[in-house]
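These notes concern the structure reproduced below.
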Protein chains: 2
Amino acid sequence: MGITLKELAASLKLSPTTVSRALNGYPEVNAKTRKRVRDAAEHANYHPNTRARSLATGRTHAIGHVIPLSASHEIVNPVFADFIAGAGEAYSRADYEMVLSMVPDAQEEQAYRNMIARGAVDGLIVHGPKLNDPRIALLTQLGVPFVVHGRSSGVTAPYSWLDINNNRSFRRATEFLLQLGHRRIALVNGLENMDFAMRRRTGYLQALKDAGISADPVLMRQAEMTEVFGHRAATELMRLPDPPTAFLSSSMLVAYGLRRALVDQGVRMGRDVSVITHDDDLSYLPNGDGLPLFTATRSSVRDAGRKAAEMLLQLIDAPKQPPLTCLMETTLIVGESTGPAPQ
Amino acid sequence: MGITLKELAASLKLSPTTVSRALNGYPEVNAKTRKRVRDAAEHANYHPNTRARSLATGRTHAIGHVIPLSASHEIVNPVFADFIAGAGEAYSRADYEMVLSMVPDAQEEQAYRNMIARGAVDGLIVHGPKLNDPRIALLTQLGVPFVVHGRSSGVTAPYSWLDINNNRSFRRATEFLLQLGHRRIALVNGLENMDFAMRRRTGYLQALKDAGISADPVLMRQAEMTEVFGHRAATELMRLPDPPTAFLSSSMLVAYGLRRALVDQGVRMGRDVSVITHDDDLSYLPNGDGLPLFTATRSSVRDAGRKAAEMLLQLIDAPKQPPLTCLMETTLIVGESTGPAPQ
DNA sequence: CCGGATATCCAAAGCGTTTTGGAAAACTGA
DNA sequence: TCAGTTTTCCAAAACGCTTTGGATATCCGG
């Protein structure tokens with residue numbers, strides 16, 4: 001396709017060595033020739049062939065993302081688009097490329113093994129960690145730099161991760177509702193084999209316990225986080241003899257569903273029933289226009305992607321350093337969906 | 001990382017040539033040795049180094065996706081996750097990998113040029129074509145196989161694309177509403193510099209014209225397709241002295257917003273006001289549980305991704321063939337959001 | 001048993017880079 | 001001026017694979 005180094009060198013009447021060094025900023029080349037080379041390269045739109053370069057250097061300048069497709073329904077987690085967008089920023093700044101592979105849970109391990117055995121990537125981002133996730137052990141054993149988006153309860157050996165404080169986040173949200181006088185608070189959660197969902201649940205339970213309220217299993221639901229699930233959960237819960245006065249939701253989409261169900265039941269949100277949702281601050285799911293629609297625990301997943309990528313690049317540059325970790329706090333944003341518990 | 005061909009060959013007391021041929025299915029190798037080689041490769045988890053291979057063959061076995069970030073708000077189009085998931089299926093079946101790059105509109109051309117000059121990919125998928133999109137000319141000129149997801153009105157030279165019949169889709173939806181007696185139909189569209197949005201508008205206008213109804217500019221809105229936009233649009237439109245009795249929406253999220261606004265206004269959807277939305281059949285945005293919530297023009301964007309990928313692979317295998325095109329019809333699904341126009 | 005076809009293997013070149021280990025030229029200071 | 005640096009360049013090897021062009025061994029019919 002493009003012009004090759006050898007050709008460029010020939011056209012300049014220089015050796016490939018010199019041209020390579022000139023372009024890569026090595027000192028042993030005259031400032032004047034360097035400029036000459038750079039100009040010529042620019043003019044010919046020369047870009048070194050990635051494959052050849054990585055073969056020579058042993059570094060691929062590529063990061064792998066393996067996105068799990070939820071086994072049951074093959075649902076793509078909608079947060080991943082924004083996460084990727086954030087990570088992509090960091091990569092393009094550092095001149096890395098991103099290779100993506102979406103695989104059903106079952107083939108995940110093979111996907112990782114392949115990527116690494118084929119020398120396709122310098123590092124990996126692990127998405128959607130579950131409790132006790134086996135991928136972490138696999139990757140540490142294989143000795144590849146990686147960063148987990150989230151954590152995996154049960155894995156004791158240290159590893160690099162970036163996560164939001166799901167526990168504290170949902171504890172605070174629950175406390176907020178308790179302070180408003182709510183006593184029956186429902187938790188409409190993601191699948192609790194996912195680590196984040198488990199932590200949110202724990203935070204919720206802790207807050208209840210601290211307030212001396214015993215948790216009611218009937219008020220806790222978990223499923224794939226869709227609008228339809230939110231609607232179904234709220235519909236069922238509101239039909240209980242002793243329905244909740246407040247809901248805690250794990251995603252904006254679920255919260256949409258809650259709201260619709262509440263409307264269906266003729267209940268007014270923020271007055272009769274309160275809702276707090278987690279808000280990943282997705283670009284295409286803004287929480288309201290000016291004032292936030294929902295009271296929410298917010299944390300930008302796009303920022304998370306950017307940060308995780310930066311951590312990984314750092315890890316790749318200095319392979320022997322201990323694991324990096326980053327715990328981000330969410331901000332509790334008060335919107336129109338919460339109010340004092342009805343008497 | 002992994003074991004190399006030379007090492008594998010040495011351990012088998014064979015030449016690299018023979019091992020390579022054995023694994024790649026060339027005929028000039030004894031069936032018995034082939035089996036021996038294959039077993040050994042399996043056992044050692046040997047995978048040929050992608051970079052080296054592509055350097056030797058000149059084929060990268062990688063497809064590039066350049067996802068535009070909407071310049072104004074850096075919004076990631078939510079359909080892209082599912083599209084990618086579909087494409088990913090096709091790629092992994094064919095042993096291709098997917099390299100992704102998300103760039104703001106302004107740097108897009110450079111992103112394409114770089115990918116190609118660096119020999120990073122064998123082909124490209126073009127996302128989010130605009131009217132008269134310059135990328136198409138660029139890529140044809142560069143001579144790289146590519147498939148456009150969507151089309152670009154104004155580009156006359158032939159190129160490969162896969163699209164849904166946006167025009168007919170919205171024409172039918174409009175006709176459906178007209179048959180129900182609606183006369184004031186609002187169009188809540190995506191940004192109309194996007195090709196798909198323009199075609200939908202055209203379809204809508206044609207149906208109105210065929211029915212002898214003059215279009216009212218006030219009833220046509222366009223913006224980034226978010227829930228908030230849907231809400232704002234419907235709120236404003238319903239406050240008109242002569243409000244619409246039906247809405248046509250370009251995405252599920254927008255439709256969510258419409259519904260919320262209608263509820264706010266105390267209007268009942270499917271009874272007082274009808275809504276038809278386009279439904280990309282996103283995995284995380286199912287349109288209702290059993291019965292569809294919204295009457296919708298549905299077309300799975302995941303299928304589109306799979307199909308587009310297959311087309312591209314075909315194009316790569318036989319480079320000199322004429323462009324491929326694929327026009328998919330949407331299905332009009334009747335849900336609970338439409339009904340006869342109120343008298 | 002022998003010349004020619006066929007089956008089976010291998011050495012070496014090449015893909016486009018980077019990098020090692022000099023060589024030649026230009027510059028030092030005494 | 002001249003030995004010793006320093007600057008500036010280059011030839012060649014290497015990365016891990018595929019592929020070309022044989023070489024050797026085995027088989028065949030007559």
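No hydrogens, no waters, no symmetry mates; every other heavy atom, side chains included, goes into these values. Just so we're on the same page: letters track the sequence lines, and every chain starts at 1.
- Of all heavy-atom pairs spanning A:Ala90 and A:Glu310, the tightest one is CB-CG, 4.1 Å.
- Look at CG on B:Asn30: it is 15 Å from C1' on C:dC10, rounded to the nearest Å.
- Salt bridge annotation for A:Arg118-B:Asp95: present, with a cationic side-chain nitrogen under 4.0 angstrom from a carboxylate oxygen.
- Taking a cutoff of 4.0 Å between a charged side-chain nitrogen and a carboxylate oxygen, B:Arg59 and B:Asp122 qualify as a salt bridge.
- C:dT18 atom P lies 13 Å from atom CZ of A:Arg59, rounded to whole Å.
- Put simply, B:Tyr26 has no side-chain N or O that comes within less than 4.0 Å of OP1 or OP2 on C:dT8.
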Taking only N/O atoms, report every protein-nucleotides 21-27 of chain C pair under 3.5 Å with atom names and distance.
unit_1: C:dG21; atom_1: O6; unit_2: A:Arg21; atom_2: NH1; d: 3.4

Kindly give the atom pairs (protein nitrogen or oxygen, nucleotide nitrogen or oxygen) under 3.5 Å for nucleotides 15-17 of chain D.
unit_1: D:dC15; atom_1: O2; unit_2: A:Leu55; atom_2: O; d: 3.4
unit_1: D:dC15; atom_1: O2; unit_2: A:Ala56; atom_2: N; d: 3.3
unit_1: D:dG16; atom_1: N2; unit_2: B:Ala52; atom_2: O; d: 3.3
unit_1: D:dC17; atom_1: OP1; unit_2: B:Tyr46; atom_2: OH; d: 2.9
unit_1: D:dC17; atom_1: OP1; unit_2: B:Asn49; atom_2: N; d: 3.2
unit_1: D:dC17; atom_1: OP2; unit_2: B:Thr4; atom_2: OG1; d: 3.0
unit_1: D:dC17; atom_1: OP2; unit_2: B:Leu5; atom_2: N; d: 2.3

Report the C-alpha distance between A:Asn77 and A:Phe83 in whole Å, list the side-chain angles of each, state the deciding distance to 0.1 Å, and finish with yes or no for side-chain contact (heavy atoms from CB on, under 4.5 Å). CA-CA 11 Å; A:Asn77 189 333; A:Phe83 184 92; over 6 Å; no

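- You'll find the side chain of A:Tyr96 reaches within 4.5 Å of the side chain of A:Leu313, heavy atoms only.
- At whole-Å resolution of the value, CZ in A:Arg34 and P in D:dT7 are 13 Å apart.
- Under the 3.5 Å distance criterion, with hydrogens and angles disregarded, no donor-acceptor pair is assigned to the side chains of B:Arg34 and B:Tyr26.
- Checked against the 6.0 Å centroid criterion, the rings of B:His65 and B:Tyr91 qualify as a close aromatic pair.
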Donor-acceptor contacts under 3.5 Å from residues 316-325 of chain B side chains, at least two apart:
unit_1: B:Gln321; atom_1: NE2; unit_2: B:Gln314; atom_2: O; d: 3.2
unit_1: B:Gln321; atom_1: NE2; unit_2: B:Ala318; atom_2: O; d: 3.0

Working note: A:Ser152 + A:Tyr159, criterion side-chain contact (heavy atoms from CB on, under 4.5 Å); need CA distance, chi angles, decisive distance, verdict. CA-CA 10 Å; A:Ser152 178; A:Tyr159 58 93; 4.0 Å; yes

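- One finds a side-chain N or O of B:Thr18 lying less than 4.0 angstrom from the OP1 or OP2 phosphate oxygen of C:dC10.
- At the heavy-atom level, B:Ser54 lies nowhere under 4.0 Å from the strands shown.
- The CG-C1' distance, from A:Leu14 to C:dT17, rounds to 17 Å in whole Å.
- If you measure from atom NZ of A:Lys32 to atom C1' of D:dC9, you get 16 Å, rounded to the nearest angstrom.
- Following rounding to the nearest Å, A:Arg36 (CZ) and D:dT8 (P) show an atom-to-atom distance of 14 Å.
- What separates CG of B:Leu12 from C1' of C:dC10 is a distance of 15 Å, to the nearest Å.
- Distance, A:Glu7 CD to C:dC15 P: 10 Å, rounded to whole Å.
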